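Written below as structure tokens is the structure these notes are about.
Numbered from 1 within each chain, the chains take letters A, B, ... in sequence-line order. It should be emphasised that the depicted structure is a prediction, and the values quoted were computed from it without experimental measurement.
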There are 2 protein chains.
Amino acid sequence: MILSKTCDYGLRAVLYVATCLDREYISIGEISEKLNISFHFLTKILQKLTDKNLLISFRGPKGGVKLTRPAGTITLLEIIQAIEGPDFFDKCLLGLEKCKDDNQCPLHQHWSPLRLQLKNLFQQNTLETMAEMLKTNQFRITDLTVRF
Amino acid sequence: MILSKTCDYGLRAVLYVATCLDREYISIGEISEKLNISFHFLTKILQKLTDKNLLISFRGPKGGVKLTRPAGTITLLEIIQAIEGPDFFDKCLLGLEKCKDDNQCPLHQHWSPLRLQLKNLFQQNTLETMAEMLKTNQFRITDLTVRF
DNA sequence: TATATATCGGACAATATTGTCTTAAATTGA
DNA sequence: TCAATTTAAGACAATATTGTCCGATATATA
Ligand code: FES
Ligand code: FES
């Protein structure tokens with residue numbers, strides 16, 4: 001609905017990695033298997049996040065990806081904007097160009113604050129926050145009935 | 001971002017029609033021209049809305065489409081759900097299946113209320129409300145520099 | 001009745017998104 | 001050094017979305 005499948009996969013993968021902070025590099029194979037995401041497709045998505053300096057990758061046995069910075073310093077917004085683009089939360093609900101207060105569509109006054117709330121939500125929640133929740137085993141990050 | 005292009009087009013077209021309440025049927029050709037939307041593509045979208053009983057269409061000269069009910073009784077939500085599907089506002093932000101309170105992803109508690117706000121927004125605004133705004137000429141419904 | 005106009009319906013094409021596969025390069029450990 | 005493992009990179013395929021076109025049908029008007 002809101003996010004592309006690519007973005008969903010990327011978020012879920014990064015969240016998974018954030019739950020493994022005791023370990024070193026996490027292999028993409030493991031992530032794709034645990035989250036039931038196509039390995040090659042996920043590889044591309046994570047490469048993008050690596051390019052954007054949100055992940056560090058490492059080849060060979062014991063290789064994989066890890067977070068560039070501590071999970072508490074990476075927001076969901078960073079992940080989303082890395083994948084969907086930096087202006088993702090600036091768009092007109094009706095798809096019109098250059099959504100601005102002085103060039104409004106009839107939905108702007110309603111959409112604009114809601115959009116900001118959404119953006120704030122993603123900005124205020126770090127990977128650590130989410131990982132903490134996941135570790136309680138009361139939340140899911142996959143359709144599979146697996147827990148961490 | 002949120003809505004598909006199809007839905008954007010549909011909404012904008014229906015809003016345009018709602019601004020023409022003094023007239024009878026509005027031709028799709030006129031709508032597509034004024035809103036700069038592909039005629040044939042728009043035709044299909046409006047056919048869908050006709051099938052869902054939100055529009056009535058009429059063939060031949062003086063033909064076109066008109067609203068089935070008074071603009072004040074049709075909500076934006078109806079249009080959106082007709083195009084995007086009735087469960088559009090029930091989906092998990094991470095794309096997981098069966099988003100429910102007792103089967104949450106870590107974003108659910110934040111996303112669920114926001115999603116509801118969004119849905120309410122669309123439910124509370126009728127085509128009439130929007131059309132009134134458009135008639136003040138202070139709002140736009142197209143990228144073109146046309147006013148109504 | 002004839003002509004022009006408009007939607008209807010379906011085929012088809014272009015593009016974007018999503019997913020698959022293969023080869024290369026890096027790294028580990030035997 | 002050699003084999004196994006893993007990411008990198010790019011080609012390619014499948015699917016979904018978006019957009020185009022054409023003939024059929026309905027209607028108004030002359
Ligand atoms: S102009 Fe449409 S949401 Fe801002
Ligand atoms: S389960 Fe993810 S938003 Fe409800």
Has [X] got a side-chain N or O lying under 4.0 Å from the OP1 or OP2 atom of [N]?
{"X": "B/Lys62", "N": "D/dT29", "value": "yes"}
{"X": "B/Thr6", "N": "D/dT18", "value": "yes"}
{"X": "A/Thr50", "N": "D/dT7", "value": "no"}
{"X": "B/Lys5", "N": "D/dG19", "value": "yes"}
{"X": "A/Tyr9", "N": "C/dT18", "value": "no"}
{"X": "A/Ser4", "N": "C/dT17", "value": "no"}
{"X": "A/Ser38", "N": "C/dT20", "value": "yes"}
{"X": "A/Thr43", "N": "D/dA8", "value": "no"}

Under 3.5 Å, is there any donor-acceptor pair linking the side chain of B/Arg59 to the base of D/dT27? no

Answer with yes or no whether A/Lys44 presents, from its side chain, a donor or acceptor under 3.5 Å of a partner atom in the base of C/dG19.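 Between C/dG19 and A/Lys44, which were checked side chain against base, a qualifying N/O pair under 3.5 Å is present.
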
More 5' along DNA chain C: B/Ser27 or A/Cys7, using each one's nearest nucleotide? B/Ser27

Residue whose closest nucleotide on DNA chain C lies nearer the 5' end, A/Leu42 versus B/Asp51: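 Of the two residues, B/Asp51 wins.
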
Spacing between [X] atom [atom1] and [N] atom [atom2], to the nearest angstrom:
{"X": "A/Phe41", "N": "D/dT15", "atom1": "CZ", "atom2": "C1'", "answer": "12 Å"}
{"X": "A/Glu33", "N": "D/dT5", "atom1": "CD", "atom2": "P", "answer": "14 Å"}
{"X": "B/Arg23", "N": "C/dA6", "atom1": "CZ", "atom2": "C1'", "answer": "14 Å"}
{"X": "B/Ile45", "N": "D/dT20", "atom1": "CD1", "atom2": "P", "answer": "11 Å"}
{"X": "A/Asp8", "N": "C/dT17", "atom1": "CG", "atom2": "C1'", "answer": "13 Å"}
{"X": "A/Asn36", "N": "C/dG19", "atom1": "CG", "atom2": "P", "answer": "11 Å"}
{"X": "B/Ile28", "N": "C/dG9", "atom1": "CD1", "atom2": "P", "answer": "12 Å"}
{"X": "A/Gln47", "N": "C/dA24", "atom1": "CD", "atom2": "C1'", "answer": "13 Å"}

Determine the contact category for A/Tyr25: base if any of its heavy atoms lies under 4.0 Å from a base atom, sugar-phosphate if only primed atoms, P, OP1 or OP2 are that close, otherwise nothing.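 The residue A/Tyr25 makes no contact with any strand.
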
Give A/Leu46 one of three labels, base, sugar-phosphate or nothing, depending on what nucleic acid heavy atoms sit under 4.0 Å from its own.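 No contact at all - A/Leu46 keeps every heavy atom at 4.0 Å or more from the nucleic acid.
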
Report the relative orientation of the aromatic rings in B/Tyr9 and B/Phe41; use parallel for angles under 30°, tilted for 30 to 60°, perpendicular for over 60°.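 The arrangement is perpendicular - the two ring planes meet at more than 60°.
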
With B/Val17, which of B/Leu49, B/Leu67, B/Ile28 fulfils side-chain contact (heavy atoms from CB on, under 4.5 Å)?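 Only one option passes, and that is B/Leu67.
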
Shortest side-chain distance from B/His40, nucleotide among D/dC22, C/dC8, D/dT6: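 Out of D/dC22, C/dC8, D/dT6, the nucleotide with an atom closest to B/His40's side chain is D/dC22.
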
Considering only C/dT28, C/dG9, D/dT27, which nucleotide approaches the side chain of A/Pro61 most closely?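 The closest nucleotide is C/dT28.
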
Within a strict 4.5 Å, meaning less than it, do heavy atoms of the B/Pro70 and B/Glu128 side chains meet? no

Are A/Ile45 and A/Phe58 joined in one hydrophobic group, where the rule is that I, L, V, M, F, W and Y side chains link up if heavy atoms are under 4.5 Å apart? no

Can you tell me if CD on B/Gln117 sees more than 12 non-hydrogen neighbours from other groups inside 6.0 Å? yes

Could you measure the distance from the CG atom of A/Leu93 to the SG atom of A/Cys105? Nearest 0.5 Å is fine.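 The CG atom of A/Leu93 sits 6.5 Å away from the SG atom of A/Cys105.
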
